[in-house]
Number of protein chains: 2
Amino acid sequence: MEKQAVTIYTVAREARVSMATVSRVVNGNPNVKPETRQKVLDVIKKLNYRPNAVARGLASKKTTTVGVIIPSVTNPYFAELALGIDDIATMYKYNIILTNSDFNDDKILKVARGLLAKQVDGIIFMGHDMSAELQQEFAASNTPVVVAGSIVNDDKLATVRINYQSAAKEATNYLLDHNDDRVAFVVSSLDYSINSKYRLAGYKEALAEHGIPFESKYVIETNGDYNRAYQQADHLIEQGIKAAYVSDDDLAAGLLNGLTDNGVKVPDDFEIVTSNDTTYAKITRPTLTSITQPLYDIGAISMRLLTKMMDGEVSDTDDVILDHGIIERQSTRRG
Amino acid sequence: MEKQAVTIYTVAREARVSMATVSRVVNGNPNVKPETRQKVLDVIKKLNYRPNAVARGLASKKTTTVGVIIPSVTNPYFAELALGIDDIATMYKYNIILTNSDFNDDKILKVARGLLAKQVDGIIFMGHDMSAELQQEFAASNTPVVVAGSIVNDDKLATVRINYQSAAKEATNYLLDHNDDRVAFVVSSLDYSINSKYRLAGYKEALAEHGIPFESKYVIETNGDYNRAYQQADHLIEQGIKAAYVSDDDLAAGLLNGLTDNGVKVPDDFEIVTSNDTTYAKITRPTLTSITQPLYDIGAISMRLLTKMMDGEVSDTDDVILDHGIIERQSTRRG
DNA sequence: ATGAAAGCGCTAACAC
DNA sequence: GTGTTAGCGCTTTCAT
């Protein structure tokens, strides 16, 4: 079991210096005479010495590791956010402990505690709302946390995102402008404040601007992913719905395919605008008109913000709101 | 900076026992009198004590963390493998350090070294081949490694996968049986032995069985992902190709959409069989006929095998070969 | 059943 | 510029 046969001490002896000097060399501390440094470097190479990050973490109280809580790696929205997170983390030499939360509060709490036990230097949280226990856990830990790509029920946490309310409003308006007066609001769940509070408000604003009364039967909760949305397609048809603003590309793809497979022509007989402009929006046929948002950047900026917080460079936790837009594709009619 | 104000020592003093006893309680060691255990438990709860995993890792030389090297989280093939890995890891109480490798050898080497420095107990490697340095790094570390969902140029490593050669052969035969005598072999890169050695061999076998000579112009390397395959569609058309066996769903989706957008009817004028049966194969229209393989299980079994290796329960590293099949969808003609 | 004490491999004062 | 010396918070013999 001599997994770590060669330690800083071995190197020190072999190079005839103290372990402190070896430590300085390894950490790039300038207070080392060039010759000494070279001598140590030679021994390190010769012995193939590798610093033990665990020991270092214990001594320095920094693990250069951040925890990332993600609902699902198979959802392209979160996967694309993760890409930006990962790149910046790599750039700043942080490792990432990635934990799937499945949108399950119990699991989230468990993984969060695990992350804290591992002494991560910071946490990126992806997900739509937090249990009271989780909020408390984060607050008590005084470990920096940033919420990426969502807005949650805890305004003490920094978030990096777009303005979901105005995005939803614009998407709905776009549909309403096409003389679709029966526009549905399709979301995974109204339990998330991002949907029930912000997107829904945007949807209602657009309705109001067009003088169309809000009808709750046009609010659809899929309570699931692609397949659930697929199955609900005929339900929407029965309701006489002619268009939909959808909160997630996964759902939009499901709805689209469900409609198509039921003989409904998109966009001629039904229009769809989705929210995240992920690969799903480009792979489907017809392609999906979508809110555009800089997914990669949201991830990247979240991570960058976190590095600043971990370095104590930033105290205020103002939200970072990025610009969004809308891109017209084939799931909506022109003009 | 009293991040860890309460340590095992704090608990010990408060409970009027030694830290050894607290350690026993925390670790479920039976050699503790019930009353003592309860007393300690009470103090732990009262102080909200949480064991420091870093200190524990240093003392025990086990981090209960495994490293996962993944080419890309946004590729559904790897994302679906990751799902199985994650579930079993959670079940066995391991955390996962997830590192994106982008199929880049330098980056892979760096992340692998980072993982080893962090003293991970084991590594799951996803990717198609390994540099000599990486192989050496793994060999020298005596950290258990299992390769998930591929076959690589290092037969000392345990792998969990399907038989790629016979899968490719069956897919090609399926196409050839439809009287498509101009069947292309489309892969990302022949630099990977999974493609150049195994899948290509299967493709050639099928050709031989049908008495069709192998022509290298029917071998297409995309050197890229969805978009690259999309762009190559017209090139395939020009070559007079009528069908294709594709090594990755990402590429198959790109090819399909490229063909469709160029006015080529799939499956009437062109047939496609893809390899991984991921969500992509179900989301496209037409849907994609595909080799089927238990992606989730491959991930899960890889992780389970790794736990056994980490526990020293297993020494031999025989490959685990799972069954594959083929599912007919809309990208091929019936009969 | 419990405690004392010696590390695990490293960082970080502090001294010279 | 370099060495000495305490820890970091925990596990793990070894006694008792």
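Note that the coordinates shown come from a computational prediction; the quantities given were computed from them, not determined experimentally. Proteins get letters first, then strands, A, B, ... in listed order; numbering begins at 1 in each.
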Nearest to the B:Ser60 side chain among C:dT2, D:dT12, D:dG3, which nucleotide is it? D:dT12
Expressed in angstrom and rounded to an integer, what is the separation of B:Arg16 atom CZ from C:dA4 atom C1'? 19 Å
Sorted by chain and residue number, the side chain to side chain donor-acceptor pair (under 3.5 Å) partners of A:Glu133 (sequence neighbours excluded) come out as none
Picking from D:dG1, D:dC8, D:dT11, which would you name as closest to the side chain of A:Lys33? D:dG1
Which is more 5' along DNA chain C, the nucleotide nearest A:Gly57 or the one nearest B:Ser18? Just name the residue. B:Ser18
Cut-off 3.5 Å, no hydrogens considered: what does the side-chain donor-acceptor table look like for residues 145-153 of chain B, sequence neighbours left out?
residue  : atom : partner  : partner atom : Å
B:Ser150 : OG   : B:Gly127 : O            : 3.3
B:Ser150 : OG   : B:His128 : ND1          : 2.8
B:Asn153 : OD1  : B:Met130 : N            : 2.9
B:Asn153 : ND2  : B:Met130 : O            : 3.1

Check whether any side-chain heavy atom of B:Met303 lies under 4.5 Å from a side-chain heavy atom of B:Ile124, and answer yes or no. yes
The nucleotide from D:dG1, D:dG3, C:dC10 with an atom nearest the side chain of A:Thr36 is D:dG1
Taking the nucleotide of DNA chain C with the closest heavy atom to each, which residue, B:Ala59 or B:Val32, is nearer the 5' end? B:Val32
Take the C1' atoms of the five end pairs on each side of the helix from C:dA1-D:dT16 to C:dC16-D:dG1, derive the two axes, and give their angle rounded to 10 degrees. 30°
Could you give the CG-to-P distance, from A:Asn52 to C:dG9, as a whole number of Å? 7 Å
Show every donor-acceptor pair shorter than 3.5 Å between a side-chain atom in residues 82-91 of chain A and any protein atom, with sequence neighbours excluded, or say none if there are none.
residue : atom : partner  : partner atom : Å
A:Asp87 : OD2  : A:Tyr296 : OH           : 2.5
A:Thr90 : OG1  : A:Asp86  : O            : 2.8

Members of residues 23-31 of chain B that approach DNA chain C, where some heavy atom sits under 4.0 Å away: B:Arg24, B:Asn31
Rounded to whole Å, please give me the gap between CD in A:Gln119 and C1' in C:dC10. 16 Å
Any residue meeting side chain to side chain donor-acceptor pair (under 3.5 Å) with B:Glu137, in chain and number order, not counting sequence neighbours: A:Arg50, B:Arg113
Given D:dG9, D:dC10, C:dG3, which nucleotide is nearest the side-chain atoms of B:Met19? D:dC10
Identify, with sequence neighbours excluded, every residue that meets side chain to side chain donor-acceptor pair (under 3.5 Å) alongside B:Asn104. none
Could you tell me how far apart A:Tyr49 (OH) and C:dG9 (P) are, to the nearest whole angstrom? 10 Å
Check the distance between D:dG9's P and B:Lys62's NZ and give it to me in whole angstrom. 23 Å
For the pair made of CD1 in A:Ile8 and P in C:dC10, what is the distance, rounded to whole Å? 5 Å
The nucleotide from D:dC8, D:dG3, D:dG9 with an atom nearest the side chain of A:Ala20 is D:dG3
Would you say a side-chain N or O of B:Lys61 is under 4.0 Å from OP1 or OP2 of C:dG9? yes
Applying side chain to side chain donor-acceptor pair (under 3.5 Å) to A:Thr99 and not counting sequence neighbours gives none
Send over the distance from B:Leu47 CG to D:dG9 P, rounded to a whole Å. 14 Å
Donor-acceptor side-chain pairing of A:Thr65 and A:Lys118 below 3.5 angstrom: no
Sugar-phosphate only, base, or nothing, as touched by A:Val54 at under 4.0 Å among non-hydrogen atoms: nothing
Identify which nucleotide among D:dT11, D:dC8, C:dG3 has an atom closest to any side-chain atom of B:Arg56, counting heavy atoms from C-beta outward. D:dT11
Can you pull the salt bridge (charged side-chain N to carboxylate O under 4.0 Å, His left out) pairs that have at least one residue in residues 38-48 of chain A, sequence neighbours excluded? A:Glu14-A:Lys46
Whole-Å distance, B:Lys118 NZ to C:dC10 P, equals 15 Å
Taking the side chain as every heavy atom from C-beta outward, state whether A:Val22 and A:Tyr9 have any pair of such atoms under 4.5 Å apart. no
